[in-house]
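Letters go in sequence order (proteins before strands), and every chain restarts at 1. Model, not experiment: these values are computed from the prediction.
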Amino acid sequence: PNGRPTFSTDDGAYAFSVGLAFHEDFGGFFGQGAPRGNETGRPPGFTQNTRRMRLFFSWRYKDWVANVTPDFGGSNEMAAGGSATAQYLYEANLNYAGFKNTVLTVGYFQPRVTEEDSESSNDFMMMERPGITDVVRKIAAGDARFSVGGMHFDKRWWIGAYFTGQSYGARAANTATINSQTGGTFRFAGRPVATKNVDVHMGVSAISAFHPTLVGVAGTNSGNYNYGTLSEPPELNFGANGVAATLNNVSDIWAAGPELGIRYKDFLIKSEYYHIGVDRSHSTPGTYLPSYNFQGYYVAGNYTLFGQGRRYNFREGAFSAPGVLNEFNPAAGQWGALELSGRWSVTDLNDKGAGTTGMGGRETIWSGGLNWYPNRHFRVMVDYNRILLSHSPTSWATHGRDLNSFAARIQAAF
Amino acid sequence: PNGRPTFSTDDGAYAFSVGLAFHEDFGGFFGQGAPRGNETGRPPGFTQNTRRMRLFFSWRYKDWVANVTPDFGGSNEMAAGGSATAQYLYEANLNYAGFKNTVLTVGYFQPRVTEEDSESSNDFMMMERPGITDVVRKIAAGDARFSVGGMHFDKRWWIGAYFTGQSYGARAANTATINSQTGGTFRFAGRPVATKNVDVHMGVSAISAFHPTLVGVAGTNSGNYNYGTLSEPPELNFGANGVAATLNNVSDIWAAGPELGIRYKDFLIKSEYYHIGVDRSHSTPGTYLPSYNFQGYYVAGNYTLFGQGRRYNFREGAFSAPGVLNEFNPAAGQWGALELSGRWSVTDLNDKGAGTTGMGGRETIWSGGLNWYPNRHFRVMVDYNRILLSHSPTSWATHGRDLNSFAARIQAAF
Amino acid sequence: PNGRPTFSTDDGAYAFSVGLAFHEDFGGFFGQGAPRGNETGRPPGFTQNTRRMRLFFSWRYKDWVANVTPDFGGSNEMAAGGSATAQYLYEANLNYAGFKNTVLTVGYFQPRVTEEDSESSNDFMMMERPGITDVVRKIAAGDARFSVGGMHFDKRWWIGAYFTGQSYGARAANTATINSQTGGTFRFAGRPVATKNVDVHMGVSAISAFHPTLVGVAGTNSGNYNYGTLSEPPELNFGANGVAATLNNVSDIWAAGPELGIRYKDFLIKSEYYHIGVDRSHSTPGTYLPSYNFQGYYVAGNYTLFGQGRRYNFREGAFSAPGVLNEFNPAAGQWGALELSGRWSVTDLNDKGAGTTGMGGRETIWSGGLNWYPNRHFRVMVDYNRILLSHSPTSWATHGRDLNSFAARIQAAF
């Protein structure tokens with residue numbers, strides 16, 4: 001971003017830069033309704049989490065760029081549901097930018113899919129993406145995903161497609177792994193209206209894990225295609241459990257859906273819907289394993305009270321954070337930028353036609369938040385969530401549960 | 001520090017720097033007296049340890065500063081008693097420095113408490129802090145502690161207070177954690193005498209864990225406030241066990257005590273005493289759990305043989321390392337700086353009134369060391385320790401044990 | 001290397017640089033012959049591995065240099081045979097360069113032994129070193145090995161010797177460790193012929209673990225000198241097992257052998273042979289434990305099709321990568337540099353005289369590869385291996401096995 005420390009040679013052939021994404025969260029849950037028979041998934045009353053702590057190192061030589069971004073936050077410090085995995089690389093990739101408005105990439109990358117995932121995490125309206133966006137992107141994209149592909153943008157449209165493999169560290173996390181997952185992503189976004197006061201964004205995203213990870217079975221030469229778990233904490237990453245569907249004997253997973261966003265002056269409204277299909281392999285000849293169908297959607301609105309409202313970033317095919325017109329300086333009566341966000345988000349991992357397996361629960365979250373930007377590099381967020389978890393035979397919310405959360409984030413971006 | 005690579009924009013609005021604290025130790029223990037019936041805690045005869053390997057990244061925009069400091073030493077490589085935890089962040093915090101001589105901080109930080117902890121680890125007289133200082137600071141401060149607070153200094157006084165939470169990675173290290181610890185620190189230091197030849201430092205430090213970590217009990221909705229262990233290796237971090245008091249059903253822990261330091265020309269003497277109180281919660285109604293009372297103290301002296309002696313740093317409210325007047329250059333007959341240190345340190349985690357629980361042992365250590373500074377960025381330390389461990393029903397030194405250590409540190413600081 | 005971002009003060013007293021070694025591999029195994037009775041060590045059909053992801057930080061003050069190099073690849077992501085260890089530091093050392101053509105080093109370092117190990121990994125002919133080179137160097141050298149020693153070079157000769165200790169993180173990886181390993185390395189290389197068209201390299205390397213790690217036995221005050229395992233994947237680090245000899249009751253291990261390399265214009269041929277001896281301690285009085293004798297060798301050839309061929313680097317006492325005479329620029333008909341490599345490599349950890357213990361298997365690998373350099377900072381490698389594993393009573397290849405691999409590496413170096 002602008003303001004990142006960057007060092008170039010006079011002839012422009014070389015550039016080196018070091019950036020930062022610093023997201024530190026604290027807060028907790030309160031007012032939990034009766035758990036009625038279920039005893040796990042205790043949400044913390046007060047805790048802290050280093051959500052992102054990324055150091056962006058970039059070396060450029062002419063049209064070739066190498067990026068490496070260690071991440072000292074994320075699952076280092078806390079993983080949803082408590083499994084501490086070892087991801088501490090956000091990105092490590094090589095890029096060729098010799099074609100106009102185009103970047104070709106090989107290596108660990110976050111291939112963008114869905115509008116919310118296409119925004120920089122520094123720009124999010126709320127502290128976390130909607131549940132369904134996170135579930136969808138993790139199928140075959142997400143942070144530090146091995147990717148081969150490219151993206152191209154123009155003022156009115158954006159397109160990107162990637163072949164994807166494992167996430168960084170996946171083999172170390174499960175040493176019984178034989179073949180890594182193969183998958184792919186596709187996203188196309190257009191901007192049919194682009195005027196001073198109005199922007200209309202429309203898009204479609206699709207993702208698939210063609211072959212889930214093949215995990216060896218001890219003592220045999222064969223393995224299982226067990227995808228693991230589609231899961232999502234209740235839109236706050238403090239270790240509390242939300243929905244979680246454990247998927248065995250998976251032949252492939254796919255998800256697809258439309259994106260919509262409309263800006264009118266400093267007001268922005270966005271919505272996305274995704275359907276997830278899980279096709280399953282026959283574990284024994286003649287045994288039929290049903291497919292699962294899940295879904296989710298959200299509607300989010302945002303209004304910038306002070307400062308320049310959110311604007312369309314055609315390089316991302318997504319909306320970005322408000323602009324700070326007057327940096328925080330109380331002596332001069334300047335207060336930075338302030339925006340108000342609200343969201344209704346549903347993540348439904350219950351497939352009622354499929355019996356008890358694959359029933360991961362249904363999560364409805366109403367959220368409201370305020371974001372304050374003293375200047376363009378720093379931000380403070382506060383978010384309130386009202387969380388409703390519906391019955392599932394397999395998750396912690398067996399008989400349903402409702403609770404609230406209140407949390408804050410301090411952020412720096414260079 | 002001076003000499004750290006720092007890059008600024010011409011208008012002074014932006015600055016970026018990359019620093020280093022490199023402390024590599026090697027050596028071992030010898031001459032151990034008869035263990036008399038106890039078989040654990042084998043001190044190594046020869047080993048190596050990356051004590052600190054910190055990369056300091058700092059981004060400043062006007063009065064706002066973001067610091068991130070990965071640490072590739074410390075518990076990455078070796079933890080006292082052998083528990084390899086995953087801390088690899090020394091600091092990650094945001095600061096506002098818009099008020100004169102004041103820094104307000106949020107994030108993972110080392111909130112300073114006690115005189116020894118207020119010194120930079122690059123400036124230590126001996127390779128390790130006195131045992132009691134380390135025990136006290138770890139109650140609710142120490143490296144990478146989530147902190148919200150501030151400090152203010154002037155030429156004659158220093159004050160700092162922080163609300164503190166968990167240490168970085170605490171939830172990943174114990175995934176049964178529900179609520180993170182809450183605590184706080186306070187330190188006030190004054191400098192009643194400040195002349196060319198004499199400095200007198202007086203101070204008081206206090207620390208408390210108001211609520212220890214609430215750890216969930218499997219299969220229930222409740223948890224225990226088990227603090228864990230107050231422990232300390234024998235003033236050398238090579239994996240050997242020293243004192244260790246395991247504390248269960250803790251309602252709060254506090255520690256407080258005075259600081260004193262006197263400099264006369266190039267001679268310095270320092271002493272601190274701390275009392276630790278552990279209040280305990282009733283595990284079952286009607287059951288009385290006794291409080292514990294521990295204590296510790298040290299007296300340390302230092303004389304600079306060549307170079308400028310240790311001086312008072314009012315920005316830290318503490319003494320700092322000697323100055324190198326003539327850099328190492330044998331051809332010119334220049335040898336850098338050399339200082340001699342000695343220390344008597346007692347860490348007493350035995351509360352004889354409390355029965356066998358909470359009896360962590362008593363450690364008395366006599367130390368001597370030489371520190372050589374070829375220039376202001378590099379240092380070589382050698383330390384000898386004579387270690388006396390008294391009887392305890394719970395630690396490895398059940399019937400007492402005595403031994404010696406000899407170790408060296410190579411250090412670079414930028 | 002040239003092109004690394006480096007920042008110096010005008011007086012030359014200070015320099016700071018940040019470099020990169022980025023090696024990302026992908027590919028897999030195919031065409032495996034019948035395993036005939038053995039069921040472990042399943043080689044992946046397709047996977048990815050961050051082979052090296054090193055950030056080189058270096059601070060210099062006059063003749064004193066501090067280097068710290070975190071590595072986010074290597075065993076972080078995948079270890080041969082599946083054991084995920086925690087090495088994520090490639091180097092952390094202090095150096096004194098005040099004597100001409102000489103570097104004295106203390107700290108975690110890669111002390112160079114054998115010609116292949118003396119080359120930068122950025123310059124390798126094939127994706128991996130020959131098996132025997134890797135087995136030999138890991139005895140008491142390898143990445144992040146605690147070292148004290150120095151090297152000196154001149155135009156016609158190179159000499160280096162190091163006392164070595166543990167590898168970084170070894171105590172955390174095995175918390176029962178008492179004493180760390182002690183060992184040493186020695187290498188001397190000469191260049192009897194050095195003309196425009198011809199270079200002849202001759203050398204000898206030796207390495208020894210004088211005392212393997214002393215690992216404590218639970219419940220006692222004593223320990224065992226168990227070296228662990230000499231092992232090597234089949235010249236591709238994708239988690240598949242190759243040869244592996246587990247060594248207990250070791251008193252010392254040594255290896256030594258000659259190096260030979262001849263360049264004629266752009267054609268290069270290299271060969272090395274090493275013998276490994278394992279002396280063993282008597283576990284109980286009167287019991288004789290036999291020594292083991294292992295060996296390995298390789299012959300490798302290389303021809304540069306476009307670009308300047310591999311040249312001798314007397315600073316390393318080894319050959320380095322081809323030079324790019326014309327950077328990739330299809331419009332100008334420039335295609336960078338391209339080279340062709342082939343290798344025959346044998347790693348024999350079977351000592352038939354020693355009975356079933358210490359029989360680690362025998363691995364013969366025929367390899368061919370192409371390396372393309374669009375410019376001097378980027379490289380793409382593709383390697384084919386034909387792998388023959390002979391019978392061993394203890395490894396996965398009990399009755400022998402043969403298979404093929406095909407893999408690619410993308411590389412950036414700054």
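Note that CD of B/Q48 and CZ of C/R145 are 9.0 Å apart. Values are rounded to the nearest 0.5 Å. The distance from the CZ atom of B/F378 to the CG atom of C/L94 is 5.5 Å, given to the nearest 0.5 Å.
Taking both residues in full, the closest heavy atoms of C/P70 and B/L55 are given as CG-CD1, 4.0 Å, listed atom of the first, atom of the second, then distance. Considering all non-hydrogen atoms of both residues, B/L20 and C/A66 come closest at CD2-CB, 3.6 Å. Contact record, C/V106 with B/F26: CG1-CE2, 4.4 Å, taken as the closest heavy-atom pair. Shortest non-hydrogen contact noted between C/K62 and B/E327 is NZ-OE1, 3.0 Å. Here the closest non-hydrogen pair linking C/Y168 and B/G73 is OH-N, 4.3 Å.
Checked against a 6.0 Å centroid threshold, the rings of C/F57 and B/F22 do not count as neighbours.
Only the side chain of C/T182 comes within less than 4.5 Å of a heavy atom in chain B; its backbone stays farther off. With a threshold of 4.5 angstrom between heavy atoms, C/F146 approaches chain B through side-chain atoms but not through N, CA, C or O. Residue contact with chain B, scored on non-hydrogen atoms closer than 4.5 Å, involves the backbone of C/V65 exclusively. Proximity to chain C (any heavy atom under 4.5 Å) is restricted, for B/R376, to the side chain, taken from C-beta onward. Only the side chain of B/F328 has a heavy atom closer than 4.5 Å to any heavy atom of chain C.
For the pair B/P5/C/W59, a side-chain contact is recorded, criterion being any heavy-atom separation below 4.5 Å from C-beta on. For the pair B/H377 and C/Y14, the minimum side-chain heavy-atom distance is below 4.5 Å.
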Could you go step by step and tell me if B/F72 and C/Y108 meet the side chain to side chain contact (heavy atoms under 4.5 Å, CB included) rule? CA-CA 12 Å; B/F72 295 92; C/Y108 287 95; over 6 Å; no
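Environment of CG in B/D10: sparse, with no more than 12 heavy atoms of neighbouring residues, nucleotides or ligands closer than 6.0 Å. Within 6.0 Å of CZ in B/F30 there are more than 12 heavy atoms belonging to other residues, nucleotides or ligands.
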